[in-house]
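Note sheet for the following structure.
Quick note on labels: first sequence line is chain A, next is B, and so on, each numbered from 1.
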Amino acid sequence: MSTNEPAPAPAAPSHFIHQIIDEHNRTGRFEGRVQTRFPPEPNGYLHIGHAKSICLNFGTALKYGGKCNLRFDDTNPSKEEQEYVDSIMEDVRWLGFQWDGIYYASDYFEQLYQWSEDLIKKGLAYVCDLTADQMREYRGSLTKPGKNSPFRDRSVEENLDLFRRMRAGEFPDGSRTLRAKIDMASPNVNLRDPVMYRIMRAHHHRTGDAWCIYATYDWAHGESDSIEKITHSICTLEFENHRPLYEWFVQSLGIYVPQQIEFARLNLTYTMMSKRKLLELVAGKHVHGWDDPRMPTISGLRRRGYTPESLRAFCERIGVSKFNGLIDMSWLEESLRADLNKRANRVLGVLRPLKVVIENFPKGQVEELEAINNPEDASAGTRKVPFSREIYIERDDFREDPPKQFFRLAPGREVRLRYAYFLKCESVVKDPATGEVTELRCTYDPATKGGNSPDGRKVKGTIHWVSASTAVKAEVRLYDHLFSKPEPEDVPEGESYLTNLNPNSLEVLPEVPIEPSVANAKVGDRFQFERLGYFVVDHDTKPGKLVFNRAVTLADTWAKIEKKK
RNA sequence: UGGGGUAUGGUGUAACGGUAGCACAGCAGUCUCUGAAUCUGCUUGUCUAGGUUCAAAUCCUAGUACCCCAGCCA
C-alpha cells in the first residue's frame, strides 16, 4: 500500500482558535471570511512541528470553507535557498493539502518599500546610523528603558533622501537601518524603535541582486498578511510579544488589519524541532541528510514509512492550545500503527535468522501454503507462501532454557508455524567452540496443515518463518530514537545536545530473508512483517537489492514482560 | 528586577457558574493461527491559600511554578 488521500475537513471541532473564529463569524468582523496562510521561511526542511501548523492552517480553511495560502517568508537572503522552497512545496502536497495561492514575501518588496516611504512621510520611521552594538546599548534592558537614537529626529526630507540612497546602494552593509519611530521606553522591547530595513548585499533566491536592503520579519509579515487579506494569522507563542508591533504597522499604514493568534508549538520527546540544530545534524554528518529516517523532518518521516494520514491523525489528536507541553514520541508511533494496521499487507520475514531443518519433510520439496494478506481487510486477498525442509525462524523465538510465560519454541516443545504446520524441536546443534546455537533439528506434523490439528491438540505459540531456498534477501535498517534522552536539548551548562545522540539509532541488517512475494515491491510500499513491525521499501532500493526501513515496531507484550524482570 | 503568556490524571486535551469528560499510556481480563489488532473493566487530575456563591476548574484576591522577549533572525 502506498496511496495518499487528500486531507478531508477535520471533523473534530473546538479548540480556542476555532472559538475565536466562530466569534468573528458571529460578529461579522471579517464578513464570515476565513483566510489563513502557512508562512515558512525557506531556510531548512519542514519538520513535524510544521506539520502541526500546516494541519491547523489548512485544516481551518477546510473546516470553514475558507482559503489557505502558502507563503514563503523569504526576507533574509543570507539563509534562504531554492532547494528549501522545493522541499517545502513537496512536503505540503504530500501531507495532502492544496494551497489556494502561492506567494512570496519577496513579491511584496516594492510595495513594502513604498509603504516605508509613507511611514517616513508620516514621521513614523527614520534612518538610523547607529551601529549594531550602539543600537543594543541604546535599547536598554528588560528592566531599564532605552534611549532615543541621536538620529531619531531627522527631518522627513533627510530621511527620505537617506532611505532612497540606502536602496540605491550608496552605503555599506550594516551602516544604516530604517527604524520605526515608536517608543524607546516601552516595557515591550519590540516596540523600542524596531528595525524595518537592514543593508545587506546578498543574492536573493528570487529577486537576485535587485535589492541591497531587506525588510525584517516584523516589517514584512503583517503587511504580507494584509496584502493577502488574511483573516487569521496563526503563529507560535514566541510572537505574542510582537502582536502590538504587528498591529502598530498595519494601523499606522491604514491598511487592512488581520487578527494574529498564537498557539503553542509542538515539542516531542527524544527529538527536537530547532531548525538550526537540525541543520547542524545534517551539516555535521550526524545523520545522512535532511530525509534521514531518524530525523523529525517531514521528508525523514516519509522515508521512515510514515503516511500522511497518520501524521494528520497525530496532529488532530494532540490538539491546539497555548500550553507549552511535551508530547511523548510514542503518540506519533501509535498513530502510524493505527493507520498501517488497517492498510498494510502482511508478510513473513526473519530479522535475526536461526536455521531450522525439518527432518521429516521431504528433501527438495516445496509446498505452497495460502496466507491472508491483511486480516483487517478481506479485500486484500490471499497469497501463496513457499514452505520447505529448511526454514529460518527468529532467534528470539527459541530458548534453550525457556523462562516462565515463554510459549515459543524450546527443546521438546511444539509451536505453530504461521499459515503452515505444527513444529516440534527435537534437538539443538551448537558451535562446539562458542556454544552458540547454530541450528535446530525439528519435525513437523503433516496432519496440522493450515495450522490446526485434527486431534484438537493446542499449541500456545505461533511464530513466523521463511523458507530458506526461496527467500528474498533484503537489507533492513532498524531505527531507534535519534537521541537517548527524552529532552535532548536539556543539557548542563557548556554541554552540547550532541552528547545525547543515540549511538544505536541505526542498525543495518544486510541480509534478511523475506518471503518471495516482496520481490517486486516498489519504493514506498509498506508492509507489516508479522510479529515484528511495519516496514517500508527505501529509495536506496535498486534492481536486485531490496532495502527496507523499519518504520515502527508492533506493540510487544512479551518484551514488556521480559523488561520487567 | 520590566513586559507578555500558561497551569486540569503519567501525557495531551474538554468542560465557558450546575455530575470533572475524552484520547493515549498503565493495570486486569477477553479474544486470537501475529504475545499484534479487537473487545471489556479499572486506577490516576482541577498549581497553592483565602474569598464570593445554594453551587467554583470556571468569578475575585494574594501567592507559586514554568515558558517567551534586550538579532540589523524568523
Which base sits across from B:A70 as a Watson-Crick or G-U pair, both distances under 3.5 Å? none
For A:R416 and B:U34, give me the distance from atom CZ to atom P, rounded to whole Å. 7 Å
Base of B:G71 paired with side chain of A:R136 (donor-acceptor, under 3.5 Å): no
Under 3.5 Å, is there an N or O donor on one side and an acceptor on the other linking the side chain of A:N241 and the base of B:G3? yes
A:W115-A:F249 aromatic ring centre distance below 6.0 Å: no
How many whole angstroms separate atom NZ of A:K560 from atom C1' of B:G26? 8 Å
State which residue, out of A:W211, A:Y126, A:F163, A:F171, fulfils the ring pair (Phe, Tyr, Trp, His ring centres under 6.0 Å) condition with A:Y197. A:F163
Write down the distance separating the P atoms in B:U61 and B:C27, rounded off to the nearest Å. 45 Å
Under 4.0 Å between any heavy atoms, over every strand shown, what does A:T216 touch: base, sugar-phosphate, or nothing? Just pick one. sugar-phosphate
State which of B:U1, B:U34, B:C72 makes the closest approach to the side chain of A:A132. B:C72
A:E334 side chain: which of B:C69, B:A36, B:A25 is closest? B:A25
Searching all strands shown, indicate the nucleotide that pairs with B:U64 (Watson-Crick or G-U wobble; both distances under 3.5 Å). B:A7
Answer yes or no for this row: A:Y217 ring on B:A74 base, centroids under 5.5 Å, planes under 30°. no
Taking only side-chain nitrogens and oxygens of A:S330, does any of them come within less than 4.0 Å of OP1 or OP2 of B:A25? no
Under 6.0 Å between ring centres: does that hold for A:F314 and A:W331? no
Taking only side-chain nitrogens and oxygens of A:R317, does any of them come within less than 4.0 Å of OP1 or OP2 of B:C22? no
Which nucleotide in the list B:U1, B:C69, B:U34 gets nearest to the side chain of A:T462? B:U34
Rounding to the closest angstrom, what is the interatomic distance between B:A55 and B:A37 at atom P? 47 Å
Could you check whether A:V459 gets within reach of a base, just the sugar-phosphate, or nothing at all, counting any heavy atom under 4.0 Å? nothing
Go through the N and O atoms of the side chain of A:H464 and the base of B:A36, and report whether any donor-acceptor pair is under 3.5 Å. no
Please compare A:W558 and A:E238 by the position of their nearest nucleotide in RNA chain B and report the one closer to 5'. A:W558
Rounded to whole Å, how long is the line connecting atom CG of A:L245 with atom C1' of B:G71? 14 Å
Taking the side chain of A:E41 as heavy atoms from C-beta outward, which of B:C73, B:G12, B:U34 is closest to it? B:C73
Regarding A:H15 and A:S321, do their side chains bring together a donor and an acceptor under 3.5 Å, going by distance alone? no
Remember a base hit wins even if backbone is also touched, and classify A:F406 as base, sugar-phosphate or nothing at under 4.0 Å, heavy atoms. base
Side-chain ion pair, A:E280 and A:R276, N-O less than 4.0 Å: yes
B:C39 -> Watson-Crick or G-U wobble partner, both distances under 3.5 Å, gives B:G29
B:C22 pairs with which nucleotide, Watson-Crick or G-U wobble, both distances below 3.5 Å? B:G12
Syn/anti label of B:G4 as read from its glycosidic torsion, with the cut at 90° from 0: anti
Distance test, side-chain N/O of A:Q260 to OP1/OP2 of B:G4, below 4.0 Å: no
Just name whichever nucleotide pairs with B:U58, Watson-Crick or G-U, keeping both distances under 3.5 Å, else none. none
Can you tell me the distance, in whole Å, between the CD atom of A:E530 and the P atom of B:A37? 14 Å
Give A:R408 one of three labels, base, sugar-phosphate or nothing, depending on what nucleic acid heavy atoms sit under 4.0 Å from its own. base
So A:L142, base contact, sugar-phosphate only, or nothing? Heavy-atom distance under 4.0 Å. base
Minimum-distance nucleotide to A:P187 side chain [options: B:A37, B:G2, B:A23]: B:G2
State whether A:R192 places a side-chain N or O below 4.0 Å from either non-bridging phosphate oxygen (OP1 or OP2) of B:A70. no
Taking B:C72, B:C69, B:A70 as options, the one with an atom nearest any side-chain atom of A:R198 is B:C72
Find which nucleotide of RNA chain B each of A:L326 and A:P375 is nearest to by heavy atoms, and output the residue with the more 5' nucleotide. A:L326
Rounded to the nearest Å, what distance is computed from the CZ atom of residue A:F314 to the P atom of nucleotide B:U13? 11 Å
Looking only at atom types and distance, does a side-chain atom of A:H232 sit under 3.5 Å from a main-chain N or O of A:I234, one as donor and one as acceptor? no
For B:C72, take OP1 and OP2 only and decide whether either is under 4.0 Å from a side-chain N or O of A:R139. yes
Watson-Crick or G-U counterpart of B:U34, or none if no pair lies under 3.5 Å: none
Can you tell me how far P of B:A36 sits from CG of A:N374, to the nearest Å? 17 Å
To the nearest Å, give me how far apart CG (A:N373) and C1' (B:U34) are. 14 Å
Kindly point out which of B:G35, B:C73, B:U13 is positioned nearest to the side chain of A:T557? B:G35
Expressed in whole Å, how much space separates the P atoms belonging to B:U48 and B:G10? 13 Å
Name the closest nucleotide to the A:S141 side chain, picking from B:G3, B:A70, B:C16. B:A70
Can you check whether A:E80's main-chain N or O pairs, donor with acceptor, with A:H205's side chain at less than 3.5 Å? no
I'd like the C1' distance from B:U58 over to B:A70, given in whole Å. 37 Å
Using the P atom in both, what is the distance from B:U19 to B:A56, to the nearest Å? 11 Å
Atom CG of A:L340 and atom P of B:U34 are separated, to the nearest Å, by 19 Å
A:R167 NZ/CZ over A:Y113 ring centroid, <6.0 Å and within 45° of normal: yes
Classify A:H221 by what it touches in the nucleic acid, base, sugar-phosphate, or nothing, heavy-atom distance under 4.0 Å. nothing
Is it the case that B:U38 (base atoms only) and A:E376 (side chain only) share a donor and an acceptor within less than 3.5 Å, ignoring hydrogens and angles? no
Kindly give the heavy-atom pair with the smallest separation between A:R198 and A:T216, and that separation in Å. NH1-CA, 3.2 Å
Do A:S330 and A:D328 have a side chain donor and acceptor closer than 3.5 Å? yes
How would you label the contact of A:F239 with the nucleic acid (heavy atoms, under 4.0 Å): base, sugar-phosphate, or nothing? base
Any base atoms under 4.0 Å from A:F323, or only sugar-phosphate, or nothing? Heavy atoms, all strands. sugar-phosphate
Out of B:C72, B:G5, B:G35, whichever nucleotide has its closest atom nearest the side chain of A:K322: B:G5
Closest nucleotide among B:G12, B:A74, B:G35 to the A:D556 side chain: B:G35
